[in-house]
Amino acid sequence: MAQNRRTKPNILVTGTPGTGKTTMSSLLADAAQLRHINVGDVVKEKNLYDGWDENLECHFINEDLLCDELEDMMEEGGNIVDYHGCEFFPERWFDRVVVLQTSNSVLYDRLSNRGYMGSKLSNNIDCEIFQLLLEEARGSYKEDIVVALQSDSIDDISRNVASLSEWMRSWQPNSIVS
């Protein structure tokens, strides 16, 4: 077992594309003076992928390379990791896992405005309908650190930033990490 030396928490913000992860993560990082890590940007900048999915129009992320790239930053603490998946990140990295959720009509409009069409659009809407990312988070992390937050509007995002900022003020580091 290693001693946990983090003085600031790590937060994972996950959810279906279009739920507001990057917007909320950026605002929370500014409010709490934490580092915002947009996984998609890191993957592109560091070439941490194994190819391109023509059907879904996205990279196949090399999860091992990504985790290796993030390891030192995560050990330091003070990070908000923004990504639409969560099961491959080490459980020990996160003190809070936030799953953003958006109503289907709002999500449909957001994704359509981004140019999502066909199976890419329908797969993401289905993912939200069936709450797949919430179930993935609950299956990958301790239930008491996973929280689902609504993200339909600017007001929702503001409330989420405020509630997470409040949570951070009461956060205490664990003395031992396994």
Q: Answer yes or no: is there a donor N or O on one side and an acceptor on the other, between the side chain of Glu128 and the main chain of Thr102, under 3.5 Å?
A: yes
Q | From CG (Asp68) to CG (Leu65), nearest 0.5 Å | A | 6.5 Å
Q: To the nearest 0.5 Å, tell me how far Lys120 NZ sits from Asp53 CG.
A: 9.0 Å
Q. Glu45 versus Glu69: any side-chain heavy-atom pair under 4.5 Å?
A. no
Q.
Please check: side-chain N/O of Ser170 versus main-chain N/O of Trp167, any donor-acceptor pairing under 3.5 Å?
A. yes
**Q.** Pair Tyr49-Asn62, side chain to side chain contact (heavy atoms under 4.5 Å, CB included): steps then yes or no
**A.** CA-CA 5 Å; Tyr49 52 85; Asn62 184 316; 5.8 Å; no
Q: Kindly work out whether a path of hydrophobic side-chain contacts (I/L/V/M/F/W/Y, heavy atoms less than 4.5 Å apart) joins Met73 to Phe94.
A: yes
Q: Return yes if some donor-acceptor pair links the side-chain N/O of Lys8 with the main-chain N/O of Leu34 below 3.5 Å, else return no.
A: no
Q. Hey, mind stepping through Ser151 and Asn160 against side-chain hydrogen bond (donor to acceptor under 3.5 Å, both in side chains) and telling me if it holds?
A. CA-CA 8 Å; Ser151 185; Asn160 295 340; 4.8 Å; no
Q) Taking the side chain as C-beta and beyond, is there a heavy-atom pair between Phe88 and Ser140 under 4.5 Å? A) no
Q: Check the side chains of Asn10 and Asp95 for a donor-acceptor pair under 3.5 angstrom, ignoring hydrogens and angles.
A: no
Q. Do side-chain atoms of Arg6 reach the backbone of Glu76 as a donor and acceptor pair under 3.5 angstrom?
A. no
Q. Closest approach of Ala148 and Leu134, non-hydrogen atoms and distance?
A. CB-CD1, 4.0 Å
(Q) Within the structure provided, determine whether Trp93 and Asn79 are in side-chain contact (heavy-atom separation under 4.5 Å). (A) no
Q. Between CD1 of Ile157 and CG of Leu28, what distance do you get to the nearest 0.5 Å?
A. 11.5 Å
Q) Is the backbone N or O of Cys86 less than 3.5 Å from a side-chain atom of Glu136, with the two atoms forming a donor-acceptor pair by type? A) yes
Q.
Under a 3.5 Å threshold, yes or no: a donor from one side chain and an acceptor from the other, between Asn124 and Thr16?
A. no
(Q) So which atom in Tyr116 and which in Pro17 form the shortest heavy-atom distance, rounded to 0.1 Å? (A) OH-CB, 3.8 Å
Q. Do Leu12 and Arg96 pass the side chain to side chain contact (heavy atoms under 4.5 Å, CB included) test, and can you show the C-alpha distance, the side-chain angles, and the key distance before you say yes or no?
A. CA-CA 6 Å; Leu12 173 61; Arg96 182 60 110 201; over 6 Å; no
**Q.** Glu166: side chain to side chain donor-acceptor pair (under 3.5 Å) partners, not counting sequence neighbours
**A.** Arg169
Q: Taking the side chain as every heavy atom from C-beta outward, state whether Ile11 and Met168 have any pair of such atoms under 4.5 Å apart.
A: yes
**Q.** Beyond-backbone contact of Ile80 with Arg35, side-chain heavy atoms, under 4.5 angstrom
**A.** no
Q) Are Leu107 and Leu132 grouped together when hydrophobic residues (ILVMFWY) are joined by side-chain heavy atoms under 4.5 angstrom apart? A) yes
Q: Kindly indicate, with the supporting measurements, whether the criterion salt bridge (charged side-chain N to carboxylate O under 4.0 Å, His left out) is fulfilled by Glu71 and Arg92.
A: CA-CA 11 Å; Glu71 182 72 38; Arg92 64 183 154 65; 3.0 Å; yes
(Q) Once rounded to the nearest 0.5 Å, what's the spacing between atom CG of Asn38 and atom OG of Ser25? (A) 8.0 Å
(Q) If I compare all heavy atoms of Val99 with all of Ala137, which pair ends up nearest, and what's the gap? (A) CG2-CB, 3.7 Å
Q.
Can you tell me how far apart CD (Gln101) and OG1 (Thr14) are? Round to the nearest 0.5 Å.
A. 10.5 Å
Q | Cluster check Ile125, Leu100: I/L/V/M/F/W/Y, side chain < 4.5 angstrom | A | no
Q. How far does CZ of Arg114 sit from CG of Asp109, to the nearest 0.5 angstrom?
A. 12.5 Å
**Q.** Close side-chain approach of Val39 and Val81, heavy atoms under 4.5 Å
**A.** yes
Q: Report yes or no: do His36 and Asp82 form a side-chain donor-acceptor pair below 3.5 Å?
A: yes
(Q) Check for me, please, whether Ile129 and Leu149 land in the same ILVMFWY cluster - side-chain distances under 4.5 Å, paths through other members count. (A) no
Q) How about Asp156 and Arg159: do any of their side-chain heavy atoms sit closer than 4.5 Å? A) yes
Q.
I'd like to know if Phe130 and Leu121 are part of one continuous hydrophobic network [Ile/Leu/Val/Met/Phe/Trp/Tyr, side-chain heavy atoms within less than 4.5 Å].
A. yes
Q. Should Leu66 and Phe89 count as side-chain neighbours, where that means a heavy-atom distance under 4.5 Å?
A. yes
Q: For Asp152 and Ser103, indicate whether the former's side chain and the latter's backbone hold a donor-acceptor pair under 3.5 Å.
A: yes
